[in-house]
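We're numbering straight along the sequence, starting at 1.
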Amino acid sequence: MSSGAAPEEPPRPVRFGIMGCGSIARKLSRAMLLVGPAVDVAAVASRSGDKALLFAADNGLPAGTRLHGSYEALLDDPDIDAIYLPLPTSLHLKWATAAAERGKHLLLEKPTALCAAELDPILAACEASGVQFMDSTMWMHNPRTAKMRQLIADQDTIGDVRVINSIVSFRANEDFLQNDIRVKPDLDALGALGDIGWYCIRAILWAVDYELPKNVIALRHPVKNQAGVVLACGASLYWADGKVATFHCSFLTNLTMDVTVVGTKGTIHVTDLVIPYDEKYGPFSLDSKTNFTELTTGWDPHPSKNVVTTDLPQEALMVQEFCRLVRNIRDAGGKPEGKWPAITRKTQILVDAVKTSIDNGCESVDVVS
């Protein structure tokens with residue numbers, strides 16, 4: 001007769017509702033399925049039941065996934081723990097706030113709001129309801145990101161960070177430039193700045209451990225469409241201690257996802273930050289204490305080539321971490337993790353500052369937290 005203790009029951013899955021059936025929701029529904037039994041894709045909502053049905057069928061969602069023909073019906077679903085919300089940015093304030101007020105944990109697609117004044121009520125609703133907030137910046141959860149952050153923090157390897165440069169771009173086709181929600185002023189008025197400039201700004205903040213700069217100056221001659229939505233832009237950021245950063249984002253140039261962090265002793269360079277070349281491998285290069293060879297004919301030492309591997313893609317790791325935080329609140333009486341809304345708000349503040357600089361003829365804008 002066995003005297004061993006009964007095996008522990010697996011944790012109850014986090015029951016997700018997906019609010020909206022856009023293309024990015026397909027990627028996240030796959031990520032939820034990859035995480036396995038820790039996640040239950042419990043429901044999908046669209047503005048029509050037929051669209052929700054088609055989304056569920058196309059993405060291999062479980063037969064038991066409930067299909068709602070309105071967003072309100074999803075919020076009224078009592079068997080939902082968390083909402084993933086990938087709606088156009090102009091709809092975030094209404095529906096993200098409503099989700100939080102109904103006690104649903106919130107995984108919100110970026111850009112999280114049109115401005116900090118719209119983000120703050122969302123964060124306040126999450127705090128008042130005691131629910132977890134996280135934005136959907138997937139590369140933050142790649143193990144490569146943690147490894148590079150560890151190296152940047154190492155004074156002997158990188159030294160003091162002094163310069164950061166980030167470029168995120170892709171060459172959109174004509175259909176995108178005419179019809180995508182990201183070029184429509186009533187849907188995603190931030191355009192390229194909100195869609196991919198968000199990644200540039202987040203990377204810069206990440207490199208300096210989320211210290212806000214003192215001021216921001218947009219680069220001259222941003223490109224806008226006829227409706228006034230930004231298709232390409234950039235900015236320089238300045239800190240009181242002399243650190244500087246620049247970024248450029250564009251819907252009009254070749255696919256590029258570069259970040260370079262330069263310190264007094266070393267440099268980290270990654271060329272596929274936002275979406276890795278291969279979802280299970282994360283390469284980056286590291287130079288440390290580099291100098292010229294004799295007669296200045298080369299470098300010594302050469303940059304080291306590093307690869308960080310992962311069993312799950314970064315979007316699945318994001319879902320996994322979000323679920324861990326939700327379970328800690330739901331099952332263990334824990335508190336929401338405050339670092340995620342804080343990082344989101346700092347990113348949004350800098351998006352606002354760049355937008356203000358663009359609107360004011362690329363004048364310098366002081367950053368106020």
Side-chain angles (χ1 to χ4, degrees), residues 12-29 31-33 35 38-57 59 61-114 117-136 181 186-188 318-319 322-331 334-337 340-341 344:
R12 288 189 295 130
V14 171
R15 300 166 300 177
F16 259 100
I18 299 175
M19 183 181 285
C21 298
S23 59
I24 191 65
R26 297 185 60 198
K27 185 172 184 176
L28 260 290
S29 65
M32 292 173 190
L33 297 177
V35 171
V39 176
D40 175 18
V41 186
V44 173
S46 183
R47 289 172 295 176
S48 76
D50 288 345
K51 190 172 181 182
L53 178 64
L54 183 62
F55 180 89
N59 293 284
L61 299 186
T65 300
R66 296 181 296 283
L67 307 177
H68 296 298
S70 73
Y71 304 144
E72 192 68 39
L74 178 64
L75 296 184
D76 287 338
D77 191 327
D79 297 318
I80 295 294
D81 298 308
I83 297 288
Y84 167 59
L85 199 159
L87 298 175
T89 310
S90 62
L91 301 179
H92 285 192
L93 175 60
K94 175 181 178 178
W95 291 108
T97 304
E101 289 173 345
R102 305 285 182 92
K104 314 296 188 186
H105 302 277
L106 184 62
L107 181 60
L108 183 60
E109 195 52 63
K110 39 61 55 188
T112 49
L114 293 174
E118 289 197 2
L119 174 63
D120 284 346
I122 298 172
L123 300 183
C126 289
E127 183 175 6
S129 297
V131 297
Q132 184 64 52
F133 173 93
M134 182 184 287
D135 73 49
S136 183
I181 64 169
D186 57 333
L187 296 174
D188 270 296
M318 176 183 71
V319 170
F322 181 77
C323 289
R324 183 188 70 81
L325 296 173
V326 169
R327 286 196 304 271
N328 182 55
I329 299 166
R330 184 193 66 186
D331 302 338
K335 301 292 185 183
E337 172 57 69
W340 293 112
T344 297

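The two atoms that bring Ala82 and Phe322 nearest to each other are CB-CE2, 3.8 Å, heavy atoms only. In plain terms, the two heavy atoms of Ala98 and Leu75 that are nearest each other are CB-CD1, 3.6 Å. Between Leu74 and Gly17 the shortest heavy-atom distance is CD1-CA, 3.9 Å. Minimum heavy-atom separation, Asp186 to Ser90: O-OG, 3.0 Å.
Side-chain N or O atoms of Gln132 include one that pairs as donor or acceptor with a backbone N or O of Glu337 at under 3.5 Å.
Here the CD1-OG1 distance, from Ile122 to Thr97, works out to 4.5 Å after rounding to the nearest 0.5 Å. Rounding to the nearest 0.5 Å places CG of Leu187 at 10.0 Å from CG of Leu114. Here the CD1-OG distance, from Ile18 to Ser46, works out to 11.5 Å after rounding to the nearest 0.5 Å.
The side-chain contact (heavy atoms from CB on, under 4.5 Å) test with Met19 singles out one residue from Leu108, Leu87, Leu91, Leu106, and that residue is Leu87. Checking each of Thr112, Leu107, Leu325 against Phe133 for a side-chain contact (heavy atoms from CB on, under 4.5 Å) leaves exactly one that passes, namely Thr112.
Among residues at least two apart or in separate chains, side chain to side chain donor-acceptor pair (under 3.5 Å) pairs with a member in residues 16-27 are Arg26-Asn59. Pairs engaging residues 71-89 under the side chain to side chain donor-acceptor pair (under 3.5 Å) rule: Arg15-Asp81, Arg66-Asp77, His68-Asp77, Glu72-Arg102, Asp76-Arg102, Asp81-Arg330, Tyr84-Glu109, Thr89-Asp188 [sequence neighbours left out].
For Asp50, there are no side chain to side chain donor-acceptor pair (under 3.5 Å) partners, not counting sequence neighbours. For Lys110, the salt bridge (charged side-chain N to carboxylate O under 4.0 Å, His left out) partners two or more places apart in sequence, or in a different chain, are Asp195. Under the rule for a side-chain contact (heavy atoms from CB on, under 4.5 Å), the partners of Leu33 that lie at least two apart in sequence or sit in another chain are Val41, Leu61, Pro62. Residues satisfying the salt bridge (charged side-chain N to carboxylate O under 4.0 Å, His left out) criterion with Arg47, sequence neighbours excluded, are absent altogether. With sequence neighbours left out, the side-chain contact (heavy atoms from CB on, under 4.5 Å) criterion links Ser129 to Val131. Under the side-chain contact (heavy atoms from CB on, under 4.5 Å) criterion, Ala113 pairs with Glu118, Leu119, Gln348, sequence neighbours left out. For Asp120, the salt bridge (charged side-chain N to carboxylate O under 4.0 Å, His left out) partners two or more places apart in sequence, or in a different chain, are Arg345. By the side chain to side chain donor-acceptor pair (under 3.5 Å) test, Thr344 pairs with Asp135, sequence neighbours left out. Under the rule for a side-chain contact (heavy atoms from CB on, under 4.5 Å), Lys94 has no partner lying at least two apart in sequence or in another chain.
Put simply, the side chain of Val319 reaches to within 4.5 Å of the side chain of Val39, judged on heavy atoms. Contact annotation: the side chain of Pro86 never approaches that of Leu28 to less than 4.5 Å [non-hydrogen atoms, C-beta and beyond]. At least one side-chain heavy atom of Val14 sits less than 4.5 Å from a side-chain heavy atom of Phe16. Put simply, the side chain of Met134 reaches to within 4.5 Å of the side chain of Met318, judged on heavy atoms. At least one side-chain heavy atom of Leu85 sits under 4.5 Å from a side-chain heavy atom of Trp95. The side-chain heavy atoms of His105 and Ile329, taken from C-beta on, include a pair separated by under 4.5 Å.
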| request: Applying side chain to side chain contact (heavy atoms under 4.5 Å, CB included), run through Val44 and Cys21 and close with a yes or a no. | output: CA-CA 8 Å; Val44 173; Cys21 298; 3.6 Å; yes
